[in-house]
Amino acid sequence: MPRLIDPFARAVTYLRVSVTDRCDFRCVYCMSENMKFLPKKELLTLEELDRMCTTFIGLGVEKLRITGGEPLVRKGIMSFFDSMTRHLDSGALRELTLTTNGSQLERFADDLYAAGVRRVNVSLDTLDEEKFARITRWGRLPQVLRGIDAAQKAGLRVKLNTVALKGFNESELFTIIDWCAARDIDLTWIEVMPMGDLGNEDRVGQYWSLEDMRTQLRERFTVTELSESSGGPARYVRLEETGQKIGFITPLTHNFCESCNRVRMTCTGELYLCLGQEDKGDLRAPLRNHPEDDGPLIAAIEEAISRKPKGHDFDYSRQQADGQVSRHMSHTGG
Ligand code: SAM
Ligand code: SF4
């Protein structure tokens, strides 16, 4: 039974947890090249992450998505996944999943499956090795492709998350769609969001509207808009010729706020109530100050949820990135 109901009668049943702010890539739209990371003592320990998530699950959270930074570079992270298995076994948790850049999947795919993970989102913006190195700065495409193979071999359903960047992967629209179809991989395109001051005057790509992409799709496919929704920002279309379902995440529109069922926790225990708003609650203090008593933590969670805003304020239409939030995606976990 959901116990976390916000002021707009939305039940919060989905928690995204960033387990680290660190990453082995430096994607240009996400991080600057010389990022300063948090000192270790600021981070929730793996045991604290367990206690946090367990408390949320006790309050009716049914879906956990582990993210970052890059979640699979956090030392010992598999023990955290393993410890969450008990909530899947008890039936309290319906889904344990993660969003990853794929670099460590070759190593961890089997262990993730054994822990009860069945689906994984892999972020990949291009299938061109040179462009991949450029957009991620530090990443290597073959390693990620081996990770995707390993995930599929382990039995994980893979979804690609691809950030739409004009002048960068626009030319790969059909290549990426065909590649996913050939491998039975799901695909969601994400509009780039105005996040942080990344100092990317040398921006590799720029805003490419998904509306424009739909128009391009219609030139080759019969595109049917689907009405289904996952309670999240994705909207789907079906390409009738291939049967493929393609997702679009347009965070800059408000069309999903009314069904929003999620909150995000950072690796330091801040609870962000909306991706596009600065308002947050601190959960680390009640957790650390009361090691034996979950009451104050539960009270802090409930208080924060009572402040969940109706929606966000991103707006590109005024020719500037209005509603821009200063924190990086690697902080809130996207
Ligand atoms: N490192 C993991 C990864 O890349 O999948 C998980 C964390 S990453 C912050 C989560 C998602 O946020 C990725 O799919 C990434 O492409 C997306 N992202 C990062 N910065 C973004 C931005 N400015 N606009 C849109 N999506 C962004
Ligand atoms: Fe790392 Fe993911 Fe951000 Fe890229 S998008 S820098 S992989 S956290």
Side-chain angles (χ1 to χ4, degrees), residues 16-38 64-74 77 97-105 108 112 119-126 131-141 143-144 147-148 151 158-166 168-169 176 186-200 203-210 213 232-234 247-253 262 264-267 272 275-276 312 314 316 321 323-334:
R16 300 168 75 107
V17 182
S18 171
V19 294
T20 177
D21 59 335
R22 287 162 202 260
C23 187
D24 51 347
F25 292 1
R26 290 290 179 280
C27 302
V28 297
Y29 47 73
C30 179
M31 291 196 184
S32 61
E33 185 132 38
N34 41 9
M35 289 288 285
K36 279 212 178 52
F37 294 108
L38 294 161
L64 269 188
R65 177 175 296 280
I66 309 307
T67 175
E70 173 47 41
L72 297 180
V73 302
R74 168 102 194 228
I77 193 61
T97 182
L98 72 156
T99 301
T100 171
N101 65 23
S103 70
Q104 309 301 316
L105 272 180
F108 289 124
L112 288 167
R119 297 197 298 172
V120 54
N121 287 2
V122 180
S123 306
L124 178 61
D125 303 328
T126 173
K131 281 162 74 180
F132 185 85
R134 200 152 31 108
I135 197 94
T136 63
R137 292 200 187 99
W138 295 6
R140 295 290 166 264
L141 181 63
Q143 186 181 347
V144 172
I148 291 175
V158 176
K159 177 161 83 76
L160 230 58
N161 277 345
T162 305
V163 176
L165 296 160
K166 203 172 189 68
F168 179 75
N169 55 15
I176 292 174
D186 297 320
L187 172 64
T188 289
W189 290 87
I190 307 175
E191 248 173 29
V192 71
M193 284 186 266
M195 283 284 168
D197 174 14
L198 300 175
N200 286 324
R203 291 257 296 245
V204 171
Q206 25 163 317
Y207 179 67
W208 172 20
S209 112
L210 297 187
M213 179 187 295
F248 296 94
I249 297 186
T250 47
L252 306 179
T253 63
R262 62 200 58 196
R264 296 173 162 79
M265 191 177 73
T266 69
C267 53
Y272 279 96
L275 183 59
H312 56 66
F314 288 129
Y316 272 128
Q324 177 158 340
V325 286
S326 57
R327 62 183 192 268
H328 295 169
M329 282 291 256
S330 56
H331 187 58
T332 32

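These numbers come from the heavy atoms of this one structure, side chains and all, not from hydrogens, waters or symmetry mates. All ligand and atom numbering here is 1-based and tracks the order in the structure.
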- Query: Does any N or O atom in N161 lie less than 3.5 angstrom from one in ligand 1, N or O only?
  - Reply: no
- Task: Select the closest option to atom 5 (O) of ligand 1 among S18, S123, G139, judged by heavy-atom distance.
- Result: S123
- Message: Please tell me whether K36 and N34 have a donor and an acceptor in their side chains that are separated by less than 3.5 angstrom.
- Response: no
- Item | Side-chain heavy-atom pair V163, I135 within 4.5 angstrom cut-off | no
- Does the side chain of L105 come within less than 4.5 Å of T100's, by heavy atoms? yes
- Atom indices of ligand 1 within 4.0 angstrom of V192 heavy atoms, with elements: 24 (N), 25 (C)
- Within C30, is some N, O or S atom less than 2.8 Å away from atom 3 (Fe) of ligand 2? yes
- Message: Has R26 got a side-chain atom pairing as donor or acceptor with W138's backbone, closer than 3.5 angstrom?
- Response: no
- Query: Numbering the atoms of ligand 1 from 1, which are under 4.0 Å from a heavy atom of G68?
  - Reply: 7 (C), 9 (C)
- Ignoring angles and geometry beyond distance, decide whether G69 reaches within less than 3.5 Å of ligand 1 through its nitrogen or oxygen atoms. yes
- Would you tell me which option among P71, S18, C23 has the nearest heavy-atom contact to atom 7 (S) of ligand 2? C23
- Side chain, backbone, both or neither: which part of V163 comes within less than 4.0 Å of ligand 1 when only heavy atoms are counted? side chain
- With a cut-off of 4.0 Å, which atoms of ligand 1 are near a heavy atom of E191? 25 (C)
- Item | Polar atom proximity, T99 to ligand 1 (N or O, under 3.5 Å) | no
- Note on the structure: All heavy atoms of T188 vs all of F248, minimum pair found to be CG2-N, 4.2 Å
- Quick one: do D24 and S103 satisfy side chain to side chain donor-acceptor pair (under 3.5 Å)? Show the steps, please. CA-CA 8 Å; D24 51 347; S103 70; 2.5 Å; yes
- Between F168 and K131, is there a cation-pi geometry (under 6.0 Å to ring centre, at most 45° from the normal)? yes
- Can you sort out which atoms of ligand 1 are near T67, meaning under 4.0 Å from one of its heavy atoms? 6 (C), 7 (C)
- Item | Which segment of T100 sits under 4.0 Å of ligand 1 when only heavy atoms are counted | backbone
- Message: Side chain or backbone, does D125 bring an N or O within less than 3.5 Å of an N or O on ligand 1?
- Response: no
- Check ring pair (Phe, Tyr, Trp, His ring centres under 6.0 Å) between F108 and all other residues, then give those that pass, not counting sequence neighbours. none
- Below 4.0 angstrom from a heavy atom of G69, which ligand 2 atoms are there? Numbered from 1 as shown, please. 8 (S)
- In short, S209 meets E191 closest at the heavy-atom pair CA-OE2, 3.6 Å
